[in-house]
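Working notes for the structure below.
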There are 2 protein chains.
Amino acid sequence: MASNEETPRRGRGRPPGNRRDEILRAALEVFAESGFNGASLATVAERVGLTQQGLLHYFPSKQQLLVAMLDKRDELDRQPQRFSPEELVNVVQRNAERPGIVQVYTVLSAESVTENHPAREHFAARFADVRQRFAAILREKYGDHLPGGVSADEGATLLVAVMDGLQLQWLHAPDEIDMPDSVAAMLRLMTGDSVLSGE
Amino acid sequence: MASNEETPRRGRGRPPGNRRDEILRAALEVFAESGFNGASLATVAERVGLTQQGLLHYFPSKQQLLVAMLDKRDELDRQPQRFSPEELVNVVQRNAERPGIVQVYTVLSAESVTENHPAREHFAARFADVRQRFAAILREKYGDHLPGGVSADEGATLLVAVMDGLQLQWLHAPDEIDMPDSVAAMLRLMTGDSVLSGE
DNA sequence: GTCTATACGTAGATAGAC
DNA sequence: GTCTATCTACGTATAGAC
(Lines give C-alpha, C1' and ligand atoms only; values in the text may rest on other atoms or scores of the structure.)
Protein backbone atom coordinates (compact mmCIF):
# COMPACT_ATOMS: atom_id res chain seq x y z
CA MET A 1 0.00 0.00 0.00
CA ALA A 2 1.37 3.35 -0.97
CA SER A 3 -0.29 5.31 1.78
CA ASN A 4 2.97 6.06 3.52
CA GLU A 5 3.53 9.49 2.11
CA GLU A 6 -0.06 10.45 2.75
CA THR A 7 0.06 9.66 6.46
CA PRO A 8 3.12 11.36 7.90
CA ARG A 9 2.38 9.92 11.36
CA ARG A 10 3.75 12.98 12.93
CA GLY A 11 3.15 12.67 16.64
CA ARG A 12 3.33 8.93 17.19
CA GLY A 13 1.89 5.84 15.49
CA ARG A 14 -1.51 7.54 15.45
CA PRO A 15 -3.40 6.89 12.19
CA PRO A 16 -4.05 10.65 11.94
CA GLY A 17 -7.55 11.24 10.71
CA ASN A 18 -8.36 13.92 13.17
CA ARG A 19 -8.87 12.67 16.62
CA ARG A 20 -11.84 15.02 16.82
CA ASP A 21 -13.59 13.15 14.06
CA GLU A 22 -13.05 9.82 15.73
CA ILE A 23 -14.49 11.26 18.91
CA LEU A 24 -17.51 12.63 17.11
CA ARG A 25 -18.17 9.27 15.53
CA ALA A 26 -17.98 7.57 18.90
CA ALA A 27 -20.19 10.25 20.44
CA LEU A 28 -22.84 9.58 17.82
CA GLU A 29 -22.82 5.91 18.71
CA VAL A 30 -23.01 6.47 22.42
CA PHE A 31 -25.68 9.17 22.28
CA ALA A 32 -27.68 6.85 20.05
CA GLU A 33 -27.39 4.02 22.54
CA SER A 34 -28.13 6.04 25.65
CA GLY A 35 -29.41 9.48 24.78
CA PHE A 36 -27.69 12.60 26.02
CA ASN A 37 -28.63 12.24 29.67
CA GLY A 38 -27.88 8.55 29.74
CA ALA A 39 -24.51 8.81 28.03
CA SER A 40 -21.24 9.34 29.85
CA LEU A 41 -18.09 10.98 28.57
CA ALA A 42 -16.05 8.06 29.85
CA THR A 43 -17.91 5.66 27.56
CA VAL A 44 -17.27 7.85 24.54
CA ALA A 45 -13.62 8.27 25.51
CA GLU A 46 -13.14 4.56 26.00
CA ARG A 47 -14.26 3.82 22.44
CA VAL A 48 -11.49 5.91 20.98
CA GLY A 49 -8.92 4.71 23.49
CA LEU A 50 -8.85 7.81 25.64
CA THR A 51 -9.63 8.62 29.22
CA GLN A 52 -12.49 10.91 30.00
CA GLN A 53 -10.07 13.70 30.79
CA GLY A 54 -8.22 13.14 27.55
CA LEU A 55 -11.46 13.60 25.66
CA LEU A 56 -12.16 16.85 27.44
CA HIS A 57 -8.99 18.18 25.89
CA TYR A 58 -10.79 18.19 22.52
CA PHE A 59 -14.28 19.11 23.66
CA PRO A 60 -14.26 21.02 26.92
CA SER A 61 -17.73 19.92 28.01
CA LYS A 62 -20.37 17.29 27.33
CA GLN A 63 -22.68 19.93 25.93
CA GLN A 64 -20.13 21.14 23.45
CA LEU A 65 -19.48 17.59 22.37
CA LEU A 66 -23.17 17.14 21.65
CA VAL A 67 -23.42 20.37 19.72
CA ALA A 68 -20.31 19.60 17.70
CA MET A 69 -21.69 16.16 16.89
CA LEU A 70 -25.02 17.59 15.72
CA ASP A 71 -23.32 20.25 13.63
CA LYS A 72 -21.12 17.65 11.99
CA ARG A 73 -24.15 15.51 11.15
CA ASP A 74 -25.99 18.48 9.74
CA GLU A 75 -23.05 19.21 7.53
CA LEU A 76 -22.90 15.65 6.23
CA ASP A 77 -26.66 15.40 5.80
CA ARG A 78 -26.93 18.58 3.85
CA GLN A 79 -28.40 17.54 0.53
CA PRO A 80 -26.34 19.17 -2.21
CA GLN A 81 -29.27 19.65 -4.56
CA ARG A 82 -32.99 19.59 -4.17
CA PHE A 83 -34.38 16.11 -4.57
CA SER A 84 -37.68 15.02 -6.01
CA PRO A 85 -40.39 13.10 -4.16
CA GLU A 86 -39.23 9.91 -5.89
CA GLU A 87 -35.74 10.34 -4.56
CA LEU A 88 -37.09 10.77 -1.04
CA VAL A 89 -37.84 7.05 -0.98
CA ASN A 90 -34.20 6.39 -1.72
CA VAL A 91 -33.13 8.58 1.14
CA VAL A 92 -35.39 6.60 3.44
CA GLN A 93 -34.06 3.34 2.06
CA ARG A 94 -30.55 4.47 2.84
CA ASN A 95 -31.60 5.42 6.38
CA ALA A 96 -33.00 1.95 6.90
CA GLU A 97 -29.45 0.70 6.51
CA ARG A 98 -28.05 3.03 9.15
CA PRO A 99 -29.94 2.28 12.36
CA GLY A 100 -27.42 4.19 14.44
CA ILE A 101 -28.09 7.48 12.74
CA VAL A 102 -31.84 7.00 12.78
CA GLN A 103 -31.64 6.25 16.47
CA VAL A 104 -29.62 9.32 17.45
CA TYR A 105 -32.09 11.57 15.74
CA THR A 106 -35.13 9.82 17.13
CA VAL A 107 -33.79 9.72 20.68
CA LEU A 108 -32.28 13.19 20.76
CA SER A 109 -35.09 14.98 18.95
CA ALA A 110 -37.54 13.70 21.56
CA GLU A 111 -35.23 14.10 24.54
CA SER A 112 -34.61 17.66 23.44
CA VAL A 113 -38.15 18.75 24.30
CA THR A 114 -37.29 18.27 27.97
CA GLU A 115 -36.36 21.19 30.18
CA ASN A 116 -33.08 22.96 29.53
CA HIS A 117 -31.96 20.44 26.97
CA PRO A 118 -28.90 21.68 25.08
CA ALA A 119 -30.28 20.55 21.71
CA ARG A 120 -33.70 22.14 21.98
CA GLU A 121 -33.06 25.04 19.65
CA HIS A 122 -31.18 22.84 17.25
CA PHE A 123 -34.09 20.51 16.67
CA ALA A 124 -36.74 23.20 16.65
CA ALA A 125 -34.81 24.96 13.89
CA ARG A 126 -34.19 21.71 12.07
CA PHE A 127 -37.87 20.78 12.00
CA ALA A 128 -38.86 24.19 10.72
CA ASP A 129 -36.21 23.97 8.04
CA VAL A 130 -37.16 20.48 6.87
CA ARG A 131 -40.83 21.42 6.71
CA GLN A 132 -39.97 24.36 4.49
CA ARG A 133 -37.73 22.32 2.24
CA PHE A 134 -40.31 19.58 1.81
CA ALA A 135 -43.01 22.13 1.08
CA ALA A 136 -40.84 23.71 -1.60
CA ILE A 137 -40.20 20.34 -3.22
CA LEU A 138 -43.87 19.44 -3.26
CA ARG A 139 -44.90 22.89 -4.47
CA GLU A 140 -42.40 22.80 -7.28
CA LYS A 141 -43.84 19.63 -8.70
CA TYR A 142 -47.53 19.89 -7.88
CA GLY A 143 -48.26 23.50 -7.08
CA ASP A 144 -49.85 24.73 -3.89
CA HIS A 145 -52.66 22.23 -3.92
CA LEU A 146 -51.55 18.61 -4.02
CA PRO A 147 -53.55 16.08 -6.06
CA GLY A 148 -54.50 14.23 -2.87
CA GLY A 149 -56.33 17.30 -1.64
CA VAL A 150 -54.04 18.95 0.91
CA SER A 151 -51.86 22.04 0.60
CA ALA A 152 -48.11 21.81 0.03
CA ASP A 153 -47.49 23.14 3.54
CA GLU A 154 -49.85 20.69 5.17
CA GLY A 155 -48.39 17.92 3.05
CA ALA A 156 -44.88 18.79 4.18
CA THR A 157 -45.88 18.71 7.84
CA LEU A 158 -47.54 15.33 7.35
CA LEU A 159 -44.61 13.95 5.42
CA VAL A 160 -42.13 14.94 8.11
CA ALA A 161 -44.46 13.52 10.75
CA VAL A 162 -44.78 10.21 8.93
CA MET A 163 -41.06 9.87 8.51
CA ASP A 164 -40.31 10.52 12.17
CA GLY A 165 -43.18 8.38 13.36
CA LEU A 166 -42.13 5.50 11.15
CA GLN A 167 -38.60 5.67 12.47
CA LEU A 168 -39.89 5.38 16.00
CA GLN A 169 -42.06 2.37 15.17
CA TRP A 170 -39.26 0.82 13.15
CA LEU A 171 -36.77 1.11 15.99
CA HIS A 172 -39.26 -0.71 18.20
CA ALA A 173 -40.09 -3.36 15.62
CA PRO A 174 -37.61 -3.48 12.72
CA ASP A 175 -39.19 -6.59 11.23
CA GLU A 176 -42.71 -5.28 11.18
CA ILE A 177 -42.14 -1.85 9.71
CA ASP A 178 -40.93 -1.23 6.19
CA MET A 179 -40.03 2.44 6.11
CA PRO A 180 -39.44 2.87 2.37
CA ASP A 181 -42.68 1.08 1.52
CA SER A 182 -44.67 3.17 3.94
CA VAL A 183 -43.16 6.44 2.81
CA ALA A 184 -43.89 5.50 -0.78
CA ALA A 185 -47.48 4.77 0.22
CA MET A 186 -47.69 8.15 1.92
CA LEU A 187 -46.42 9.92 -1.18
CA ARG A 188 -48.96 8.11 -3.28
CA LEU A 189 -51.72 9.25 -0.95
CA MET A 190 -50.64 12.86 -1.21
CA THR A 191 -49.68 13.07 -4.84
CA GLY A 192 -51.74 10.39 -6.48
CA ASP A 193 -48.58 9.39 -8.35
CA SER A 194 -48.44 5.63 -8.60
CA VAL A 195 -45.03 5.94 -10.18
CA LEU A 196 -43.73 5.74 -6.67
CA SER A 197 -42.38 2.23 -6.29
CA GLY A 198 -45.79 0.96 -5.34
CA GLU A 199 -48.33 -1.16 -7.21
CA MET B 1 -69.53 20.44 50.63
CA ALA B 2 -70.68 17.19 52.19
CA SER B 3 -67.50 15.31 51.55
CA ASN B 4 -66.81 14.83 55.23
CA GLU B 5 -68.18 11.37 55.63
CA GLU B 6 -66.38 10.26 52.51
CA THR B 7 -62.95 11.29 53.71
CA PRO B 8 -62.46 9.84 57.18
CA ARG B 9 -58.97 11.40 57.43
CA ARG B 10 -57.77 8.45 59.32
CA GLY B 11 -54.06 8.92 59.81
CA ARG B 12 -53.73 12.67 60.04
CA GLY B 13 -54.95 15.70 58.14
CA ARG B 14 -53.93 14.01 54.90
CA PRO B 15 -56.45 14.54 52.11
CA PRO B 16 -56.52 10.72 51.62
CA GLY B 17 -56.72 10.01 47.95
CA ASN B 18 -54.05 7.38 47.94
CA ARG B 19 -50.62 8.72 48.38
CA ARG B 20 -49.60 6.35 45.62
CA ASP B 21 -51.81 8.17 43.15
CA GLU B 22 -50.39 11.54 44.09
CA ILE B 23 -46.92 10.15 43.57
CA LEU B 24 -47.83 8.71 40.20
CA ARG B 25 -49.24 12.04 39.10
CA ALA B 26 -46.06 13.80 40.16
CA ALA B 27 -43.95 11.14 38.48
CA LEU B 28 -45.76 11.74 35.22
CA GLU B 29 -44.98 15.44 35.43
CA VAL B 30 -41.33 14.94 36.25
CA PHE B 31 -40.72 12.21 33.68
CA ALA B 32 -42.36 14.46 31.11
CA GLU B 33 -40.09 17.34 32.03
CA SER B 34 -36.87 15.37 32.16
CA GLY B 35 -37.31 11.90 30.74
CA PHE B 36 -36.55 8.81 32.78
CA ASN B 37 -32.77 9.22 32.83
CA GLY B 38 -32.95 12.92 33.53
CA ALA B 39 -35.49 12.67 36.33
CA SER B 40 -34.61 12.19 39.98
CA LEU B 41 -36.66 10.57 42.68
CA ALA B 42 -36.02 13.52 44.94
CA THR B 43 -37.77 15.86 42.51
CA VAL B 44 -40.81 13.63 42.37
CA ALA B 45 -40.84 13.26 46.13
CA GLU B 46 -40.57 16.97 46.69
CA ARG B 47 -43.70 17.64 44.65
CA VAL B 48 -45.83 15.54 46.94
CA GLY B 49 -44.12 16.83 50.07
CA LEU B 50 -42.01 13.78 50.76
CA THR B 51 -38.34 13.02 50.96
CA GLN B 52 -36.79 10.69 48.43
CA GLN B 53 -36.64 7.95 51.04
CA GLY B 54 -40.27 8.48 51.93
CA LEU B 55 -41.21 7.96 48.31
CA LEU B 56 -39.26 4.72 48.19
CA HIS B 57 -41.59 3.39 50.82
CA TYR B 58 -44.35 3.30 48.19
CA PHE B 59 -42.28 2.40 45.14
CA PRO B 60 -39.12 0.55 46.07
CA SER B 61 -37.17 1.63 43.00
CA LYS B 62 -37.16 4.22 40.25
CA GLN B 63 -37.84 1.53 37.67
CA GLN B 64 -40.89 0.31 39.49
CA LEU B 65 -42.15 3.84 39.78
CA LEU B 66 -41.88 4.25 36.01
CA VAL B 67 -43.62 0.98 35.30
CA ALA B 68 -46.41 1.75 37.74
CA MET B 69 -46.87 5.15 36.16
CA LEU B 70 -47.11 3.69 32.66
CA ASP B 71 -49.54 0.99 33.79
CA LYS B 72 -51.71 3.58 35.42
CA ARG B 73 -51.78 5.69 32.27
CA ASP B 74 -52.61 2.69 30.15
CA GLU B 75 -55.51 1.95 32.40
CA LEU B 76 -56.83 5.51 32.16
CA ASP B 77 -56.24 5.69 28.41
CA ARG B 78 -58.03 2.49 27.69
CA GLN B 79 -60.83 3.49 25.39
CA PRO B 80 -64.02 1.85 26.63
CA GLN B 81 -65.48 1.32 23.19
CA ARG B 82 -64.13 1.35 19.68
CA PHE B 83 -64.17 4.81 18.20
CA SER B 84 -64.69 5.83 14.63
CA PRO B 85 -62.23 7.75 12.47
CA GLU B 86 -64.23 10.91 13.10
CA GLU B 87 -63.86 10.53 16.83
CA LEU B 88 -60.13 10.14 16.48
CA VAL B 89 -59.91 13.84 15.70
CA ASN B 90 -61.60 14.54 19.02
CA VAL B 91 -59.08 12.41 20.84
CA VAL B 92 -56.29 14.40 19.25
CA GLN B 93 -58.01 17.65 20.12
CA ARG B 94 -58.18 16.55 23.72
CA ASN B 95 -54.48 15.66 23.66
CA ALA B 96 -53.64 19.11 22.40
CA GLU B 97 -54.99 20.40 25.69
CA ARG B 98 -52.79 18.15 27.77
CA PRO B 99 -49.20 18.90 26.81
CA GLY B 100 -47.85 17.04 29.82
CA ILE B 101 -49.28 13.73 28.77
CA VAL B 102 -48.25 14.17 25.17
CA GLN B 103 -44.76 14.98 26.33
CA VAL B 104 -44.32 11.93 28.58
CA TYR B 105 -45.27 9.64 25.77
CA THR B 106 -43.14 11.38 23.20
CA VAL B 107 -40.09 11.54 25.43
CA LEU B 108 -40.36 8.09 26.96
CA SER B 109 -41.34 6.24 23.79
CA ALA B 110 -38.19 7.54 22.11
CA GLU B 111 -35.92 7.21 25.14
CA SER B 112 -37.12 3.64 25.50
CA VAL B 113 -35.33 2.52 22.33
CA THR B 114 -32.02 3.07 24.14
CA GLU B 115 -30.11 0.17 25.67
CA ASN B 116 -31.60 -1.58 28.66
CA HIS B 117 -34.38 0.93 29.03
CA PRO B 118 -37.01 -0.29 31.48
CA ALA B 119 -39.90 0.77 29.24
CA ARG B 120 -38.70 -0.84 26.04
CA GLU B 121 -41.11 -3.78 26.07
CA HIS B 122 -43.92 -1.59 27.22
CA PHE B 123 -43.74 0.70 24.22
CA ALA B 124 -43.02 -2.02 21.69
CA ALA B 125 -46.17 -3.80 22.85
CA ARG B 126 -48.14 -0.58 22.90
CA PHE B 127 -47.23 0.31 19.34
CA ALA B 128 -48.17 -3.13 18.08
CA ASP B 129 -51.46 -2.90 19.92
CA VAL B 130 -52.37 0.55 18.65
CA ARG B 131 -51.54 -0.43 15.07
CA GLN B 132 -53.87 -3.39 15.36
CA ARG B 133 -56.65 -1.35 16.89
CA PHE B 134 -56.41 1.36 14.25
CA ALA B 135 -56.36 -1.23 11.48
CA ALA B 136 -59.51 -2.83 12.89
CA ILE B 137 -61.26 0.52 13.02
CA LEU B 138 -60.35 1.37 9.45
CA ARG B 139 -61.22 -2.10 8.20
CA GLU B 140 -64.59 -2.03 9.86
CA LYS B 141 -65.62 1.11 8.04
CA TYR B 142 -63.81 0.82 4.71
CA GLY B 143 -62.81 -2.78 4.28
CA ASP B 144 -59.29 -4.00 3.63
CA HIS B 145 -58.61 -1.53 0.88
CA LEU B 146 -59.04 2.11 1.86
CA PRO B 147 -60.48 4.58 -0.67
CA GLY B 148 -57.17 6.45 -0.75
CA GLY B 149 -55.45 3.38 -2.15
CA VAL B 150 -53.63 1.81 0.78
CA SER B 151 -54.46 -1.26 2.84
CA ALA B 152 -56.01 -0.99 6.28
CA ASP B 153 -52.79 -2.27 7.85
CA GLU B 154 -50.59 0.18 5.97
CA GLY B 155 -53.08 2.93 6.77
CA ALA B 156 -52.91 2.12 10.46
CA THR B 157 -49.12 2.24 10.49
CA LEU B 158 -49.20 5.58 8.71
CA LEU B 159 -51.85 6.97 11.00
CA VAL B 160 -49.90 6.04 14.12
CA ALA B 161 -46.75 7.49 12.57
CA VAL B 162 -48.46 10.75 11.71
CA MET B 163 -49.86 11.14 15.19
CA ASP B 164 -46.53 10.55 16.90
CA GLY B 165 -44.63 12.67 14.42
CA LEU B 166 -47.08 15.53 14.80
CA GLN B 167 -46.74 15.42 18.56
CA LEU B 168 -43.00 15.75 18.25
CA GLN B 169 -43.26 18.71 15.90
CA TRP B 170 -45.97 20.27 18.04
CA LEU B 171 -43.89 20.05 21.20
CA HIS B 172 -41.11 21.87 19.37
CA ALA B 173 -43.41 24.48 17.84
CA PRO B 174 -46.87 24.60 19.44
CA ASP B 175 -47.91 27.67 17.48
CA GLU B 176 -47.01 26.33 14.08
CA ILE B 177 -48.53 22.87 14.31
CA ASP B 178 -52.25 22.20 14.53
CA MET B 179 -52.52 18.55 15.43
CA PRO B 180 -56.27 18.08 15.01
CA ASP B 181 -56.25 19.82 11.64
CA SER B 182 -53.36 17.74 10.39
CA VAL B 183 -54.82 14.46 11.59
CA ALA B 184 -58.09 15.36 9.91
CA ALA B 185 -56.18 16.05 6.71
CA MET B 186 -54.45 12.69 7.01
CA LEU B 187 -57.75 10.90 7.44
CA ARG B 188 -59.13 12.65 4.39
CA LEU B 189 -56.13 11.51 2.37
CA MET B 190 -56.64 7.92 3.40
CA THR B 191 -60.38 7.66 3.35
CA GLY B 192 -61.44 10.31 0.89
CA ASP B 193 -64.08 11.31 3.43
CA SER B 194 -64.40 15.05 3.43
CA VAL B 195 -66.82 14.76 6.32
CA LEU B 196 -63.79 15.03 8.52
CA SER B 197 -63.87 18.54 9.86
CA GLY B 198 -62.09 19.82 6.77
CA GLU B 199 -63.22 21.72 3.73
C1' DG C 1 -1.79 15.54 23.61
C1' DT C 2 -2.77 12.55 27.16
C1' DC C 3 -2.46 11.07 31.73
C1' DT C 4 -3.09 10.98 37.19
C1' DA C 5 -5.18 12.92 40.91
C1' DT C 6 -8.84 14.90 42.73
C1' DA C 7 -12.62 18.10 43.90
C1' DC C 8 -17.33 18.26 43.89
C1' DG C 9 -21.88 17.22 43.16
C1' DT C 10 -25.80 14.11 42.75
C1' DA C 11 -28.28 9.93 42.52
C1' DG C 12 -30.24 5.48 43.98
C1' DA C 13 -30.81 2.60 47.62
C1' DT C 14 -30.39 0.48 52.54
C1' DA C 15 -30.84 0.48 57.71
C1' DG C 16 -32.96 1.78 61.36
C1' DA C 17 -35.10 5.36 64.56
C1' DC C 18 -39.53 7.47 65.67
C1' DG D 1 -45.61 6.00 57.10
C1' DT D 2 -42.03 9.05 57.08
C1' DC D 3 -37.73 10.67 58.56
C1' DT D 4 -32.32 10.88 59.41
C1' DA D 5 -28.18 8.97 58.47
C1' DT D 6 -25.35 6.80 55.58
C1' DC D 7 -23.23 3.89 51.94
C1' DT D 8 -21.81 3.43 47.39
C1' DA D 9 -21.42 4.57 42.85
C1' DC D 10 -20.91 7.45 39.17
C1' DG D 11 -20.43 11.74 36.43
C1' DT D 12 -18.55 16.26 35.13
C1' DA D 13 -15.00 19.06 35.44
C1' DT D 14 -10.41 21.25 37.01
C1' DA D 15 -5.30 21.35 37.93
C1' DG D 16 -1.21 20.07 36.88
C1' DA D 17 2.49 16.54 35.77
C1' DC D 18 4.77 14.28 31.87
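Side chains included, hydrogens not; waters and symmetry mates left out as well; all remaining heavy atoms used. Residue numbers begin at 1 in each chain, while the letters A, B, ... track the order of the sequences.
Leu158(A) is listed as a side-chain neighbour of Met186(A), based on a closest heavy-atom distance under 4.5 Å.
Distance Phe31(A) CZ to dG11(D) C1': 13 Å, rounded to the nearest Å. Here the C1' atom of nucleotide dA7(C) and the CD atom of Gln52(A) are 13 Å apart, to the nearest Å. Separating the CG atom of Asn37(B) from the C1' atom of dG12(C) is a distance of 13 Å, rounded to the nearest angstrom. Regarding His57(B), its NE2 atom lies at a distance of 16 Å from the P atom of dA15(C), rounded to whole Å. Rounding to whole angstrom units, CG of residue Leu65(B) and C1' of dA11(C) are separated by 14 Å. With rounding to whole Å, Leu56(A) atom CG is found 13 Å from dG11(D) atom P. Rounded to whole Å, atom P of dG11(D) lies 11 Å from atom CD of Glu46(A). When the C1' atom of dA11(C) is taken as reference, atom CZ of Phe36(B) falls 12 Å away, rounded to whole Å.
Nearest nucleotide to the Thr51(B) side chain, out of dA13(D), dC3(D), dA13(C): dC3(D). Listed candidates were dC3(C), dG12(C), dT14(C). Nearest to the side chain of Leu50(A) is dC3(C). Side chain of Lys62(B), nearest nucleotide from dA13(C), dT4(C), dC3(D): dA13(C).
Nucleic acid contact for Ala45(B): none, since no nucleic acid atom lies under 4.0 Å from a heavy atom of the residue. Within the nucleic acid shown, Leu41(B) comes within 4.0 Å of sugar-phosphate atoms alone, with no base atom in reach, counting heavy atoms only.
The residue among Gln53(A) and Gly38(A) whose nearest nucleotide of DNA chain D lies closer to the 5′ end is Gly38(A).
Around CD of Glu46(B), the count of heavy atoms belonging to other residues, nucleotides or ligands within 6.0 Å does not exceed 12. Summarising the local packing, CD of Gln52(A) is surrounded by more than 12 heavy atoms from other residues, nucleotides or ligands at distances under 6.0 Å.
A cation-pi contact, defined as under 6.0 Å to the ring centre and within 45° of the axis, links Arg126(B) to Tyr105(B).
Here Met69(B) contributes atom CE and Arg25(B) contributes atom CZ; the two are 13.0 Å apart, rounded to the nearest 0.5 Å.
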